[in-house]
Amino acid sequence: MNLFKEIADIKTADQLHLPTPEVEYHNIVAQPTDIQKEMVKTLSERASEVHRGSVDPSVDNMLKITSDGRKLALDQRLAFAELPDDPDSKINACVKNVLQVWQDTEPQKGAQLVFCDLSTPRGDGSFNVYDDIKQKLMAQGVPPEQIAFIHDAKTETQKAELFSKVRKGQVRVLLGSTSKMGAGTNVQKRLAALHHLDCPWRPADIEQREGRILRQGNDFK
């Protein structure tokens, strides 16, 4: 980079003041269930055992505990699939907001991105957040062809075709992870909203996610 700067005039986004959409943030707070509160206590007990050195790192460690905590914070069914679906969960709050934006932007065929790094679809019939959201949106009247997973686009050609459908308003809800739907995803033309369903490890990943919608060429100001 330093060598390149010797022969190039570098301008960053904060210097160029490009005409990008104005962002309006909404922080949605979901209250934990009694089951989640009890499970958090279990996580705390596990952490105490790890700090005391009374458990082998191959059996339990802080990375496992933190990962279990992230899953639990997203949905209690990620801890145990047989647990009930909390009507006030993060997933159901997200579905409600996606549905509202989908209805409000119908005249412009507005599209939305839903970012979730945890519980990606495996195709083995097990519970995952992606399929749960899709089923709930379909039950509320969203046509299945308007909902897509970035994971279904296996090749660059399939990705290009999918991104084209989002730009045309044919696919109006696209779900994906930061790694698959971050840099290189050019779908901003009709994007009206972006949803962070979970929080990635690195702050730069948040910036990558939001860079999909906060860029030039978006019809929504």
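Only this structure's heavy atoms are used, side chains among them; waters, hydrogens and symmetry mates stay out. The structure presented is a predicted model; accordingly, all values stated were derived computationally and were not measured.
When side chains are defined from C-beta on, K168 counts as touching S164, because their heavy atoms get closer than 4.5 Å. Counting heavy atoms from C-beta on, the side chains of I213 and Q188 never come closer than 4.5 Å. The side-chain heavy atoms of L83 and I35, taken from C-beta on, include a pair separated by under 4.5 Å. A heavy-atom distance below 4.5 Å is not found between the side chains of N128 and T120. Inter-residue side-chain proximity for N97 and H195 is flagged as met; some heavy-atom pair is nearer than 4.5 Å. No side-chain heavy atom of K109 sits less than 4.5 Å from a side-chain heavy atom of T105. By the 4.5 Å heavy-atom criterion applied to side chains, V142 and K134 are not counted as neighbours. Proximity of L175 to C116: side-chain heavy atoms (C-beta onward) are nowhere separated by under 4.5 Å.
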Inset, instruction - For side chain to side chain donor-acceptor pair (under 3.5 Å), just list the numbers for N218 and Q216, CA-CA rounded to whole Å, side-chain angles, deciding distance to a tenth of an Å, and then say yes or no. - result: CA-CA 6 Å; N218 193 331; Q216 289 177 289; over 6 Å; no
Inset, instruction - Begin from the C-alpha positions of F115 and L197 and carry the test side-chain contact (heavy atoms from CB on, under 4.5 Å) through to its verdict. - result: CA-CA 6 Å; F115 276 99; L197 197 51; over 6 Å; no
Inset, instruction - Could you check K136 against D131 for salt bridge (charged side-chain N to carboxylate O under 4.0 Å, His left out), going step by step and ending with a plain yes or no? - result: CA-CA 9 Å; K136 287 173 177 174; D131 286 321; over 6 Å; no
Inset, instruction - Would you sort out whether L162 and V171 count as a side-chain contact (heavy atoms from CB on, under 4.5 Å), showing the intermediate values? - result: CA-CA 8 Å; L162 174 59; V171 170; 4.2 Å; yes
Legend entry - Verdict with reasoning, R70 to L74, per side-chain contact (heavy atoms from CB on, under 4.5 Å): CA-CA 6 Å; R70 291 180 72 212; L74 179 56; over 6 Å; no
Inset, instruction - Begin with the C-alpha distance, continue with both residues' side-chain angles, and end with the deciding distance and a verdict on salt bridge (charged side-chain N to carboxylate O under 4.0 Å, His left out) for E82 and R77. - result: CA-CA 7 Å; E82 63 271 16; R77 291 171 295 171; over 6 Å; no
Legend entry - From CA spacing to verdict: side chain to side chain donor-acceptor pair (under 3.5 Å), T20, R215: CA-CA 5 Å; T20 56; R215 58 195 296 171; over 6 Å; no
Inset, instruction - Test D88 against Q31 for side-chain contact (heavy atoms from CB on, under 4.5 Å), laying out the working first. - result: CA-CA 7 Å; D88 298 319; Q31 297 301 323; over 6 Å; no
Inset, instruction - Test side chain to side chain donor-acceptor pair (under 3.5 Å) on W102 and Q140 and set out the steps. - result: CA-CA 11 Å; W102 178 78; Q140 294 290 329; over 6 Å; no
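Considering all non-hydrogen atoms of both residues, V50 and N61 come closest at CG2-CA, 4.0 Å. Residue S119 comes nearest to L78 through the heavy atom pair OG-CD2, 3.3 Å, listed as atom of the first residue, atom of the second, then distance. The nearest pair of heavy atoms linking G184 to F163 is O-CE1, 4.0 Å. The shortest non-hydrogen separation linking A79 to M39 is CB-SD, 3.8 Å. Q158 and K154 make their closest contact through OE1-N, 2.6 Å (heavy atoms, listed as atom of the first residue, atom of the second, distance). Nearest heavy-atom pair across N92 and P87 is CB-O, 3.4 Å.
Counting only distance, with no hydrogens or angles, the side chain of Q135 and the backbone of D132 share no donor-acceptor pair below 3.5 Å. Of the possible donor and acceptor atoms, none in the side chain of S44 sits under 3.5 Å from a partner among the backbone N and O of V40. A distance-only check finds no donor-acceptor pair linking the side chain of R190 to the backbone of A111 [under 3.5 Å].
Looking at residues two or more places apart in sequence or on another chain, you find a ring pair (Phe, Tyr, Trp, His ring centres under 6.0 Å) between F149 and Y130.
Salt-bridge formation is detected for the pair D219/K189: a Lys NZ or Arg NE/NH1/NH2 atom is positioned less than 4.0 Å from an Asp or Glu carboxylate oxygen. A salt bridge is absent between R172 and D104; no separation between the charged side-chain nitrogens and carboxylate oxygens falls under 4.0 Å. Ionic pairing of D117 and K180 is not present here: no N-O contact between side-chain nitrogen and carboxylate oxygen is shorter than 4.0 angstrom. Salt-bridge check for D198 with K71: failed, with every basic side-chain N at 4.0 Å or more from each acidic carboxylate O. Comment: R46 does not engage E49 in a salt bridge, judged by the lack of any side-chain N to carboxylate O separation of less than 4.0 angstrom.
The local environment of CZ in R202 is sparse, with at most 12 non-hydrogen atoms from other residues, nucleotides or ligands closer than 6.0 Å. The environment of CG in D124 is crowded: more than 12 heavy-atom neighbours from other residues, nucleotides or ligands sit within 6.0 Å. L3 CG: 12 or fewer foreign heavy atoms inside a 6.0 Å radius. Enclosure of atom CD in E145 by more than 12 non-hydrogen atoms of other residues, nucleotides or ligands within 6.0 angstrom is indicated. Counting non-hydrogen atoms of other residues, nucleotides and ligands closer than 6.0 Å to NZ of K64 gives a total above 12.
Neither V173 nor L194 shares a network with the other; the hydrophobic side chains, linked directly or stepwise wherever heavy atoms of I, L, V, M, F, W or Y lie under 4.5 Å apart, form separate groups for each. Grouping the Ile, Leu, Val, Met, Phe, Trp and Tyr side chains by contacts below 4.5 angstrom, directly or via other members, places V59 with M62. Taken together through direct or relayed side-chain contacts under 4.5 Å among Ile, Leu, Val, Met, Phe, Trp and Tyr, F80 and L43 form part of one hydrophobic cluster. Hydrophobic clustering (ILVMFWY, side-chain heavy atoms < 4.5 Å, transitive): M181 and I147 are in distinct clusters. By the criterion of side-chain heavy atoms lying less than 4.5 angstrom apart, applied directly or through intervening Ile, Leu, Val, Met, Phe, Trp or Tyr residues, L118 is not grouped with I28; the two fall into different hydrophobic clusters.
Considering NE2 of H196 and NE2 of H26, their distance stands at 12.5 Å, rounded to 0.5 Å. For the atom pair R212 CZ and L113 CG, the distance stands at 9.0 Å (nearest 0.5 Å). A distance of 11.5 Å separates CD of E210 from CG of D205, quoted to the nearest 0.5 Å. In this structure, CE in M138 is found 13.5 Å from CD1 in I133, a value given to the nearest 0.5 Å. Within the model, atoms CZ of R167 and CG of L191 stand 10.5 Å from one another, a figure rounded to the nearest 0.5 Å. In this structure, CG in L63 is found 9.5 Å from CG in D68, a value given to the nearest 0.5 Å.
At a cut-off of 3.5 Å, with distance as the only test, no side-chain donor of Q76 or S89 sits close to an acceptor on the other residue.
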